[in-house]
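Lettering of chains follows the sequences in order, A, B, ..., and the numbering in each one begins at 1. FYI, side chains are in, hydrogens and waters are out, and symmetry mates aren't considered; it's all heavy atoms of this structure. Since the structure is predicted, the reported quantities are computational estimates derived from the model, not experimental observations.
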Amino acid sequence: MTDAPESASPDELMTVNAARALAGARTCFVGIGLPSAAANLARRTIRPDLVLIYESGAVGAKPARLPLSIGDGELAETADAVVSVPEMFNYWLQAGRIDVGFLGAAQIDRYANINTTTVGRGPDRPASRLPGAGGAPEIAAGCGEVLIVLRHSTRNFVDRLHFVTSVGHGTGRGDRERLGLRGRGPVAVITDLGVLRPDPETAEFVLTELHPGVTAEQARAATGWPLRTAAHVGTTAPPTAAELTALRALTNA
Amino acid sequence: MTDAPESASPDELMTVNAARALAGARTCFVGIGLPSAAANLARRTIRPDLVLIYESGAVGAKPARLPLSIGDGELAETADAVVSVPEMFNYWLQAGRIDVGFLGAAQIDRYANINTTTVGRGPDRPASRLPGAGGAPEIAAGCGEVLIVLRHSTRNFVDRLHFVTSVGHGTGRGDRERLGLRGRGPVAVITDLGVLRPDPETAEFVLTELHPGVTAEQARAATGWPLRTAAHVGTTAPPTAAELTALRALTNA
Amino acid sequence: MIRRGAKARAGDVADIRPLPEAVADLVRDGDTVAMEGFTHLIPFAAAHEVIRQGVTDLTLARMTPDVIYDQLIGAGLVKKLIFSWGGNPGVGSLHRFRDAVENGWPRPLELDEHSHAGMANRYVAGASGLPFAVLRGYRGTDLACGSGTISTVTCPFTGEELAAVAALNPDVTVIHAQQADRDGNVLMWGLTGVQKEAVLAAGRVLVTVEEIVDELVPRPGGVVLPGWAVTAVAEVPGGAHPSYAAGYSVRDNDYYQAWDPISRDRERFTAWLRRNVLDREGAATR
Amino acid sequence: MIRRGAKARAGDVADIRPLPEAVADLVRDGDTVAMEGFTHLIPFAAAHEVIRQGVTDLTLARMTPDVIYDQLIGAGLVKKLIFSWGGNPGVGSLHRFRDAVENGWPRPLELDEHSHAGMANRYVAGASGLPFAVLRGYRGTDLACGSGTISTVTCPFTGEELAAVAALNPDVTVIHAQQADRDGNVLMWGLTGVQKEAVLAAGRVLVTVEEIVDELVPRPGGVVLPGWAVTAVAEVPGGAHPSYAAGYSVRDNDYYQAWDPISRDRERFTAWLRRNVLDREGAATR
């Protein structure tokens, strides 16, 4: 197997690394968009047995192409089981049965709290309305652990959220336990520049890996809080040809 | 259509009249045993469209023969819908969607409260253990109205229940409202001697009809409390040949 | 006039009737209306009939308000939205929804906002005849702040504090399904979302179906709603378009993509609405 | 040794193994065990294996303890019963159950007694990861008196008082189903009662099946339990007898009738148990 062609885009680096983060997962609750692309890529590469769970009711979906929405017919047709939406949230998610919740976000802060509700645009303009919570608050609360994938920019990585839609690590280590949230919370934020992981002591997300060719300075410049770096910042392995081929087949299908 | 043969047994009179009590019902939550026989007879005679609902999960069961248990396979096979047991109790029964709950009983008192849990046998013997509540407490609480069918004897019709498993009219008119029970409660007790109905003022069950050939004295002697009689005590119409034929086909099938 | 709610009485079966008549009868000014469907089986034709009839001052409930609610909101018929995720799936924002929230056009839109888990459990409580439901939810989020339909309860056994959400009982629920028989029994399959709960929570129920059939044939994943739990059925082939009905149609993804530029502009939207909904009746009448 | 509960982790799939080995591994002295099935799909073979292995001091949970629990109780393995209706369906009393309650033979039997609605909701709470469930129930009855698992909660929106029941989370749930595939995915159909909830509420799950098949074919009314939510599967054809498995067998009503006189008499029961369960292994091993 050869290394990837040089043309791997930042988005592709993000998705490939997001897929790799599922190497240890048996079951994944999949948000639509980037998380769904990453989880489907994982099924085609590193984790063929990964059980994909979509909030629309599909348990063990095996779509041949990337679904446009979480309610695509193929999800139901290829699922091991189709359940009602209340059953999905109560019996499967809330009970703590799912290993990994995979979320996107409009904004996150340094503790990987998520805002998908509303964003301020300055004093003269009304706040910008986003889609809202969807399944994210309880995915973030109840899955064994949480992965977040989003593009890196100061618009997305902000010092202070306008609205907390879903709790990551709250105001720091120990906050999840105080709130009675049962899962371990976010363990990685995978971006088009690199990977952030929580500091073991404080739960503040720090830069732990950069994609090939990206500098820590670039990551800091794209982050709305003073981004700290881990003692050793690694470099993510370049996408393999197999990964890129699978990803492109998936997104172009 | 001719009148019934003279051989109609007291049990047959009971079941035929219990079936007739369903003339105005669209949906019936059916207990096993005598209620099931009556409800299935109603479907074959007076109320062909009656929707039979069994707590095992069958909505709209149309069994060809009398089921021995509430979980007979034919109930599921002939049902309009099969639902889980929690759904049955929460969405269908508790929500107040069912017209008539049809119950049997081990013991009732004058307000048609029901005991199916435990019965005293005197100071020297342990109380006799009965099967318990089953679905009855919530059937009695939540159906639009309740019919009760059981054989008439001083063992069954008692002055005071050893244990209140399911509430009829509690300690009298107004008690159901005080308890927050939403259905109207028991409207008739059909026995092998006749029919008792609640006094409009007090909700105490009084004798309103006797089967042909039965005397009020016989009914009083078979009742463990001083049974009152309505101002006018009617006589139930004798079973028609069609009713008896249908009943016998059902029970001998 | 049909007047029937969850507590159906003897003799009631679902009436099979033309969509305009059913909408006129069941959906009324000021109602709380749920049109459910999780991407699949969204009752677009019924919503368009509501727009044509100008039923207004509606409180709309729906887990995933998408293009169908964007159209109702843009038409000025909606005063309040009860929801958990409002977007154009796979495309982006709902611009009519945003314009109403951000700028009050064509009228202000009040929001009662939840998570999916909260909304699903609100319908469950409604379908169960309970005033509220319990869930592990909302802890630490800003969603609970100021909402009159999110609170807490304490477990009487463990002392643990949990979230409580108020039951949601729409005046009328509208869904689309694949089939009904002549008694109004309804059969749907595929992703059936929260539709059973939304139906059983409602006072009145309107179901549009792809097809009226002589007999409903049991099938894998099939969900049956008995006719006595449904108020009216209307046969509307393609009534879910641009959403889809598994076994009958596929999702018209191009429509959802095309909606984005149409809905970004008030004038373009208004012209679209007139041409494609207000001045058009054929699709919905049979 | 398999040690797996509801929180399955990567790499886990249900093991397919012989029944004696699965019972030895999953069902332990002192456990709370649910063997569910509403007349249909009752896991008799697994219960007989529990009796043969003498697993004891059990707390048994079940909505409808029938002949299967009468046998376990009579065998002296049960210290407590959590239930809502204990009878021989269509026949009459459970005499071993009565003898234990009324006379303490062969040992006293503690009871935690509910209505069906209460039991069903206890499993629902257990399956949902909640400590309790809310229902309209028990009001005015003597069932609530003295039970540690029935209480009340007040609706934070309406002030109404409702019943609360404690979650039921068995250490192990045992069910019988029609089929499993080689990955341990389970398919059952027909009346499936409260089995999904009992499975998802449990720490360990043992499923006996009529047949291991190469592929599970979706079918009307089919309920699938993914292999990763099941601890072990054992192939036991006829494992529900004298109960039945729709599509494979019919209910042996004669057996239920015959049980009445056998179970009325302690000596006759003891002889029956020795001959038909303790000294017999063939049916359960493959």
Side-chain angles (χ1 to χ4, degrees), chain A residues 20-29 39 42-43 46-54 57-62 73 75-101 138-139 141-145 147 180-184 187, chain D residues 4-14 120-121 123-134 167-169 173 177 179-189 192 194-203 205 215-231:
Chain A
R20 291 171 180 170
L22 288 165
R26 172 76 192 166
T27 51
C28 180
F29 206 103
R43 275 198 74 247
I46 199 165
R47 194 74 183 116
D49 288 341
L50 183 67
V51 177
L52 303 186
I53 299 171
Y54 287 84
V59 177
K62 294 169 271 295
L75 298 178
E77 288 155 19
T78 62
D80 295 325
V82 175
V83 304
S84 76
V85 164
E87 177 179 326
M88 177 59 79
F89 281 98
N90 291 341
Y91 290 2
W92 297 90
L93 179 63
Q94 179 173 262
R97 232 174 279 284
I98 314 295
D99 292 344
V100 177
E138 287 76 24
I139 295 172
C143 288
E145 59 185 45
L147 297 171
L181 307 180
R182 302 174 120 194
R184 292 197 292 133
V187 295
Chain D
R4 257 186 71 249
K7 292 176 183 58
R9 302 300 299 173
D12 288 319
V13 291
N121 279 293
Y123 282 124
V124 167
S128 302
L130 292 174
F132 74 107
V134 180
L168 180 52
N169 289 102
T173 286
Q179 298 177 341
D181 67 18
R182 295 181 199 288
D183 294 328
N185 299 300
V186 170
L187 175 65
M188 53 184 170
W189 63 85
T192 54
V194 76
Q195 279 101 306
K196 179 183 272 189
E197 287 77 13
V199 161
L200 296 181
V205 176
E215 193 182 2
L216 298 177
V217 178
R219 50 184 304 149
V223 172
V224 173
L225 299 169
W228 53 273
V230 171
T231 320

Nearest heavy-atom contact between Ala127(D) and Ala95(A) is O-CB, 3.2 Å
Would you say the side-chain atoms of Gln94(A) pair up with the backbone N or O of Ser128(D), donor to acceptor, closer than 3.5 Å? yes
With chain A, the option among Val124(D), Leu216(D), Asn185(D) that has the most non-hydrogen atom pairs under 4.5 Å is Val124(D)
If we only count heavy atoms from C-beta on, is the Val59(A) to Pro226(D) side-chain gap below 4.5 Å? yes
Honestly, the part of Val82(A) sitting under 4.5 Å from a heavy atom of chain D is neither
Nearest heavy-atom approach of Trp228(D) to Arg26(A) is CB-NE, 3.8 Å
Taking every heavy atom of Val83(A) against every heavy atom of Lys196(D), the minimum-distance pair comes out as CG1-NZ, 4.0 Å
